[in-house]
Protein chains: 2
Amino acid sequence: MFVKKDPRHLYVQVIERLKKDIESGLFQEHERLPSEAKLSELLGVSRATLREALRVLEEEKVIFRKHGVGTFVTSQPMVLSGIEQLSSITTMIHNANMEPGTIVQNLSIIPLTEELTERFKTNDKKIVQIKRIRTADGEPVVYCVDHVLLECLPDGLESQLDASLFDTIERSGMTRIGQAVAEIEPISYHPEAFKALSCDTSQSLLSLSQEHFSEEGKMVLYSENYFRADKFKFHVVRRRV
Amino acid sequence: MFVKKDPRHLYVQVIERLKKDIESGLFQEHERLPSEAKLSELLGVSRATLREALRVLEEEKVIFRKHGVGTFVTSQPMVLSGIEQLSSITTMIHNANMEPGTIVQNLSIIPLTEELTERFKTNDKKIVQIKRIRTADGEPVVYCVDHVLLECLPDGLESQLDASLFDTIERSGMTRIGQAVAEIEPISYHPEAFKALSCDTSQSLLSLSQEHFSEEGKMVLYSENYFRADKFKFHVVRRRV
DNA sequence: ACCTCCCCAGACGTCAGACATCTGATTACG
DNA sequence: CGTAATCAGATGTCTGACGTCTGGGGAGGT
């Protein structure tokens, strides 16, 4: 079953395999899995390896265990994922089976305001401001104001703004964006955004102000996104600690 | 270190201990942890148990490992946490150093509508509907409409609605709420909520429609919460997969 | 002096087996 | 018939070993 051709670690393969088996219905909802001893034999791995995989699945709420009783499949497969998983707007639109597009409105190197200095925690860097309208199947859905460190961008910048800013940053600068902290706010009025998205004032927009960090923990991108609430649905999977 | 007085499983205690050590700065950012052999000896647990704990911490992006090299602390301790961590509104208000309060508006057993049947995926259960205004330091901040399975509630219900509905459910019904899926939406107008929170129509509310699940995966609570956006700030920590 | 290749210590990954502890059901006893 | 003792089986923990990968240091040739 697990040939050595797969370079990934065994426990990762076990996680994937079990998820697939659960999703395919091989293990029914709320049903007991085989005991760890039998399951490890079944999969051809040691019980220790299997247990590491099960521990991850338990953390992800895919299964739950009762000491002395057994391991059970959580009712809701919960493949659902929301904005707690970071992805670019381009990807979000793609996942909705629509075609992402971009209208660049403004691109300029701006001086460091006090607020930006505070956010980026840097002094003598140059910041690029990008204002764009993002479209899905040609229809404007998000208004974006991005601020990014100049050093994180490649040279021929204008030609690459059609694509995801994430990709542009990651392909050029050797930095990979690892996580972001987003602040969510309803916006009852914002002239620029409303005009860009051609909304009337009876609608509300949803604003996501996001600080993006590289995997080393350096802030590389600050973006303000204004979403048309009638075009986007936002979910968050909230886990109890 | 780990006395048997703690009824929780060992690996849970190890996770907690390591998180505390990292947060307290005992293990510096981006620094190598002691090897698994040494660390297990240090903590007084077996390497297998330690590894299950480390596996969870790795999944939570608190640490990362390199095969053949070592285990490292991820740069961002990110003590910040947002709504991706599920907690009751009572707890949220408490964490803001304010005094939570409750005004019960309505409490009734309602018939199962088609929508509720669909949501709860159950047929012959009784559903209790609770409409409450939640206050912080006496000021109305959230309007809540909760639907909860009658079987999950204790008998003397009315007397316990001042406290968190989470606590009420968990203390009575042997069920613990494990996760929720929230849908976030800006609300430009909602008569009941606006009246309850005495807002004017120029403001926006933020609506969280949440399906709460027990650890076994059964949906036990559906709640619609309307937050005054001027009183609440919502953050989400978004992680790249 | 420099580069390359090889080797090796040490780290994480995996394995095998054993014992500990908990739970639910069955059985024995009053 | 009810209660307590017992037991099988499951997850939790421990021990020791070996596999595999990585980075660095040393031997050797240029």
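The sequence lines fix the lettering, A, B, ..., with proteins before strands; numbering per chain opens at 1. As the structure is a prediction and not an experimental result, all values here were calculated from the model.
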Next on the checklist: Which residue is it: B:Glu170, B:Glu215, B:Glu84? I am looking for the one with a salt bridge (charged side-chain N to carboxylate O under 4.0 Å, His left out) to A:Arg240.
Outcome noted: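 Only match with A:Arg240 under salt bridge (charged side-chain N to carboxylate O under 4.0 Å, His left out): B:Glu170.
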
Next on the checklist: I'd like to check the side-chain hydrogen bond (donor to acceptor under 3.5 Å, both in side chains) partners of A:Lys66; sequence neighbours left out, ordered by chain and number.
Outcome noted: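 In terms of side-chain hydrogen bond (donor to acceptor under 3.5 Å, both in side chains), with neighbours along the sequence ignored, A:Lys66 is linked to no residue.
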
Next on the checklist: Which residues pass the side-chain hydrogen bond (donor to acceptor under 3.5 Å, both in side chains) test with A:Glu224, not counting sequence neighbours?
Outcome noted: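 For A:Glu224 the side-chain hydrogen bond (donor to acceptor under 3.5 Å, both in side chains) partners, ignoring immediate neighbours, are A:Tyr222.
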
Checklist entry - Taking the six-membered ring for Trp, is the centroid-to-centroid distance between A:His212 and A:Phe166 below 6.0 Å? => result yes

Next on the checklist: Walk along nucleotides 5-15 of chain D from 5' to 3' and tag each nucleotide B, S or - by protein heavy-atom contact under 4.0 Å, base first, then sugar-phosphate.
Outcome noted: ----BBBBBBB

Checklist entry - Name the one of A:Ile83, A:Ile89, A:Thr91 that satisfies side chain to side chain contact (heavy atoms under 4.5 Å, CB included) with A:Ser87? => result A:Thr91

